[in-house]
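Here the structure is laid out as structure tokens; the discussion comes afterwards.
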Amino acid sequence: MEDITVEDLKSRLDKNEKFVFLDVREEWEYEDDNLGAKNIPLADLPTRLEELEDYKDTEIVVHCRSGARSMNAKKFLETKGFSKVRNTTGGILAYRNL
């Protein structure tokens, strides 16, 4: 799936649209500033994949600080059979600059 812009993400969050929202930053980063997403750090994703198993065919929007880790998470999830994963371009840094 195509990536999502921070503008589109904000609009969808404001409208309470339904999608799985995943933050792949470290726990301390998440505690400092988060958008309400489920936090699974990128390094923990392989061992915590079962937490997402029910969402293989559901849209998953992944974000991180700048978009790099979330892109890696997107690629990893796609190799595990997740078909609707979108990376947030620019990450939380771009989101906070809106």
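Given the structure is predicted, the values throughout are model-derived calculations rather than measurements.
Residues L22 and Y30 fall into different hydrophobic clusters, defined by Ile, Leu, Val, Met, Phe, Trp and Tyr side chains chained together at heavy-atom separations under 4.5 Å. Under the 4.5 Å side-chain heavy-atom criterion for ILVMFWY residues, no single connected hydrophobic cluster contains both V61 and Y55. Taking hydrophobic clusters as Ile, Leu, Val, Met, Phe, Trp and Tyr residues chained together by side-chain heavy-atom distances below 4.5 Å, V24 does not share a cluster with L93. F21 and L42 are not part of a single hydrophobic cluster, where members link through side-chain heavy atoms under 4.5 Å apart. The hydrophobic clustering, which links ILVMFWY residues whose side-chain heavy atoms are closer than 4.5 Å, places L13 and V20 apart.
Within the 3.5 Å criterion, the main-chain N or O of E2 finds a donor-acceptor partner in the side chain of R86. With hydrogens and angles disregarded, a donor-acceptor distance shorter than 3.5 Å links the side chain of T88 to the backbone of V62. Remark: the backbone N or O of D23 is paired with a side-chain donor or acceptor of N39 at under 3.5 angstrom. Using a distance-only test at 3.5 Å, with no hydrogens or angles considered, a donor-acceptor pair links the side chain of K56 to the main chain of K80.
With values rounded to the nearest 0.5 angstrom, E51 atom CD is found 9.0 Å from D44 atom CG. One distance of note links CD1 of I60 with NZ of K38; it measures 11.0 Å at 0.5 Å rounding. The line from CG of L98 to OG of S11 is 11.0 Å long, rounded to the nearest 0.5 Å. In this structure, NZ on K74 lies 16.0 Å from NE2 on H63, to the nearest 0.5 angstrom. A distance of 8.0 Å separates CG of D32 from CZ of R25, quoted to the nearest 0.5 Å. The distance from the OG atom of S70 to the CZ atom of R65 is 11.5 Å, given to the nearest 0.5 Å.
The closest side-chain heavy-atom distance from R48 to P41 is below 4.5 Å. Side-chain atoms of T58 and K18, non-hydrogen and from C-beta on, never get closer than 4.5 Å to each other. Within the 4.5 Å cutoff, side-chain heavy atoms of L45 are placed close to those of L77. At a threshold of 4.5 Å between non-hydrogen side-chain atoms, the residues L35 and R96 count as touching.
Heavy atoms from other residues, nucleotides or ligands lying under 6.0 Å from CZ of R12 number more than 12. Other residues, nucleotides and ligands contribute over 12 non-hydrogen atoms within 6.0 Å of the CZ atom of F19.
For D14, the salt bridge (Lys or Arg N to Asp or Glu O under 4.0 Å) partners are K10, not counting sequence neighbours.
Listed here is the closest heavy atom pair of T79 and F76: OG1-O, 2.6 Å.
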Step by step, work out the side-chain contact (heavy atoms from CB on, under 4.5 Å) result for E29 and R69. CA-CA 13 Å; E29 293 174 286; R69 283 177 279 181; 2.8 Å; yes
